[in-house]
S.K.: 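Sharing a structure below in structure tokens format, with a few things to ask.
Note that the structure is a prediction, hence the values are computed from the model and not measured.
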Amino acid sequence: MEQRSRWLNLGLTVLSSSLLIFSAVGCSYADQGATALDSSPHSLSPQQVEDFEALVAADVMYLGERHDSADDHAAQLAIITALHQENPNLAIGMEMFQRPFQPVLDRYLSGEISEADLIEQSEYETRWGFPWEHYAPILRFAQTHQIPVLALNAPAEVTRKVAREGLDSLAGEDLQYIPPITDIDTSNRDYQNYVKAAFGAHGSHGNFNFDNFFAAQVVWDETMAMGIAEFRQTHPDTQVVVLAGQGHVVYGYGIPERVGRRLGEGITQQIVLLNPAPVVVEGNEGAIADILWYSE
């Protein structure tokens with residue numbers, strides 16, 4: 001009951017999906033598979049209690065965000081705070097920082113450098129650029145409670161090169177922070193169709209090449225998945241909460257499927273979409289996520 005009340009006190013309305021997204025990988029999205037649940041304390045359903053317990057128990061949890069949404073980032077902090085109350089053995093993985101800058105994050109968390117130094121030395125403004133105050137409270141919380149923060153993303157120089165010239169153009173130092181090319185799997189047709197629909201990219205126009213664009217997206221996914229998997233392999237008892245764009249986690253297509261491939265069937269993952277807009281892709285079945293989380 002105490003755990004349940006903590007979640008309810010976040011003041012968020014939860015929509016719970018009827019299927020686990022990881023078991024539905026390869027499906028698409030015409031029916032979200034989600035059912036609206038009343039979040040008032042007197043009518044909390046057994047399914048809601050089960051969902052909350054699943055989040056607490058997950059090895060890896062994804063909080064799929066819209067990067068420009070203050071509501072999404074407030075929800076992320078609320079969820080991280082509640083999880084930390086249940087289990088302080090927590091790490092936060094962030095798409096917003098690229099892997100070469102992990103030492104900068106570590107110095108900030110240890111108190112060696114200031115927040116201003118973190119922004120400057122991680123090249124945040126040029127490499128990410130969304131308002132710093134969206135993420136600052138999460139990083140301050142991590143520093144206060146000494147929660148590891150993982151810089152997950154591939155270097156922008158690499159993903160831009162792939163988007164322009166394709167995977168075959170990578171060589172030498174390009175490969176330092178990303179998985180081997182043989183591990184970059186672009187074969188998921190459902191994911192390709194989702195990305196085409198989401199970005200309005202229905203083929204090649206002018207100098208735009210969709211195959212290269214999609215390969216760049218997958219480089220992001222595989223690199224982030226590699227970082228999560230490597231951390232879990234060395235910290236198997238630490239829950240990882242991943243902050244990433246919704247496009248990298250819906251249906252499990254992006255990061256979750258690739259984490260599962262690396263860590264095996266025993267890994268438990270939960271996908272939470274924060275305040276998702278209604279998106280329809282033809283031919284889909286199954287659930288887009290485990291939980292659709294709407295802020296009041």
S.K.: How many angstroms lie between CD in Gln239 and NE2 in His84, if you round to the nearest 0.5 Å?
M.R.: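 If we round to the nearest 0.5 Å, Gln239:CD and His84:NE2 are 11.0 Å apart.
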
S.K.: Can you tell if the side chain of Phe210 reaches within under 4.5 Å of the side chain of Val195, non-hydrogen atoms only?
M.R.: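 In contact.
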
S.K.: Keeping the roles fixed (side chain from Gln270, backbone from Ala58), state whether a donor-acceptor pair exists under 3.5 Å.
M.R.: no

S.K.: Show me the donor-acceptor pairs within less than 3.5 Å that the side chains of residues 133-152 make with the rest of the protein, sequence neighbours left out.
M.R.:
{"unit_1": "Glu133", "atom_1": "OE2", "unit_2": "Arg140", "atom_2": "NH2", "d": "3.2"}
{"unit_1": "Tyr135", "atom_1": "OH", "unit_2": "Glu65", "atom_2": "OE2", "d": "2.6"}
{"unit_1": "Tyr135", "atom_1": "OH", "unit_2": "Trp128", "atom_2": "NE1", "d": "3.4"}
{"unit_1": "Arg140", "atom_1": "NE", "unit_2": "Glu115", "atom_2": "OE1", "d": "2.9"}
{"unit_1": "Arg140", "atom_1": "NH2", "unit_2": "Glu115", "atom_2": "OE2", "d": "2.9"}
{"unit_1": "Gln143", "atom_1": "NE2", "unit_2": "Tyr108", "atom_2": "O", "d": "2.7"}
{"unit_1": "Thr144", "atom_1": "OG1", "unit_2": "Arg140", "atom_2": "O", "d": "2.9"}
{"unit_1": "Gln146", "atom_1": "NE2", "unit_2": "Leu109", "atom_2": "O", "d": "2.8"}
{"unit_1": "Gln146", "atom_1": "NE2", "unit_2": "Gln143", "atom_2": "O", "d": "2.9"}

S.K.: When you measure from the side chain of Asp59 to the backbone N and O of Ile267, does any donor-acceptor pair fall under 3.5 Å?
M.R.: no

S.K.: For residues 164-177, tabulate all N or O donor-acceptor pairs below 3.5 Å that involve a side-chain atom, not counting sequence neighbours.
M.R.:
{"unit_1": "Ser169", "atom_1": "OG", "unit_2": "Gly166", "atom_2": "O", "d": "2.6"}
{"unit_1": "Asp174", "atom_1": "OD2", "unit_2": "Lys161", "atom_2": "NZ", "d": "2.8"}
{"unit_1": "Asp174", "atom_1": "OD2", "unit_2": "Ala171", "atom_2": "N", "d": "3.2"}

S.K.: Side chains of Ser187 and Asp185: any donor to acceptor distance under 3.5 Å?
M.R.: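 Yes, because at least one side-chain N or O of Asp185 sits under 3.5 Å from a partner of the opposite role on Ser187.
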
S.K.: Say whether, by atom type as modelled, one donor and one acceptor occur between the side chain of Arg232 and the main chain of Thr238 under 3.5 angstrom.
M.R.: yes

S.K.: Under 3.5 Å, is there a donor-acceptor pair between the side chain of Arg258 and the main chain of Met224?
M.R.: no

S.K.: For Thr223 and Trp220, indicate whether the former's side chain and the latter's backbone hold a donor-acceptor pair under 3.5 Å.
M.R.: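 No, because the side chain of Thr223 does not come within donor-acceptor range (under 3.5 Å) of the backbone of Trp220.
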
S.K.: Going from CG on Leu105 to CE on Met96, what distance comes out if it is rounded to the nearest 0.5 angstrom?
M.R.: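 Taking CG in Leu105 and CE in Met96, the distance rounds to 11.5 Å.
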
S.K.: Can you check whether Gln98's main-chain N or O pairs, donor with acceptor, with Asn153's side chain at less than 3.5 Å?
M.R.: no

S.K.: Between Val104 and Ser122, what is the shortest heavy-atom contact and its length?
M.R.: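 Smallest heavy-atom distance, with atoms named: CG1-N, 4.0 Å.
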
S.K.: When you look at Arg261 and Glu257, which way does the side chain to side chain contact (heavy atoms under 4.5 Å, CB included) test go after all the steps?
M.R.: CA-CA 6 Å; Arg261 191 183 77 219; Glu257 183 181 56; 5.9 Å; no

S.K.: Give the ring-plane orientation class for Phe208 versus Phe213, where under 30° counts as parallel, over 60° as perpendicular and anything between as tilted.
M.R.: tilted

S.K.: Step by step, work out the side chain to side chain contact (heavy atoms under 4.5 Å, CB included) result for Leu63 and Leu274.
M.R.: CA-CA 7 Å; Leu63 302 181; Leu274 303 169; 4.1 Å; yes

S.K.: Would a 4.5 Å heavy-atom cut-off, applied to side chains only, mark Glu95 and His67 as touching?
M.R.: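 Heavy-atom side-chain distance check passes, below 4.5 Å.
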
S.K.: Run through Asp221, Ile271, Val242 and flag the one making a side-chain contact (heavy atoms from CB on, under 4.5 Å) with Val249.
M.R.: Ile271

S.K.: Does Asn275 reach the main-chain N or O of Ser295 with its side chain, forming a donor-acceptor pair under 3.5 Å?
M.R.: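 Yes, Asn275 side chain to Ser295 backbone: donor-acceptor pair under 3.5 Å.
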
S.K.: Answer whether the closest heavy-atom distance between the side chains of Arg107 and Asp117 falls below 4.5 Å.
M.R.: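 Heavy-atom side-chain distance check fails, nothing below 4.5 Å.
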
S.K.: Look only at the side chain of Gln217 and the backbone of Gln192, and say whether a donor-acceptor pair between them is shorter than 3.5 Å.
M.R.: no

S.K.: May I ask you to decide if Phe130's main-chain N or O and Tyr124's side chain share a donor-acceptor pair within less than 3.5 Å?
M.R.: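 Here the side-chain-to-backbone pair exists.
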
S.K.: Using every non-hydrogen atom in the two residues, find where Ala57 and Thr268 come nearest and quote the distance to one decimal.
M.R.: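 Distance-wise, the nearest heavy atoms are O-OG1, 3.8 Å.
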
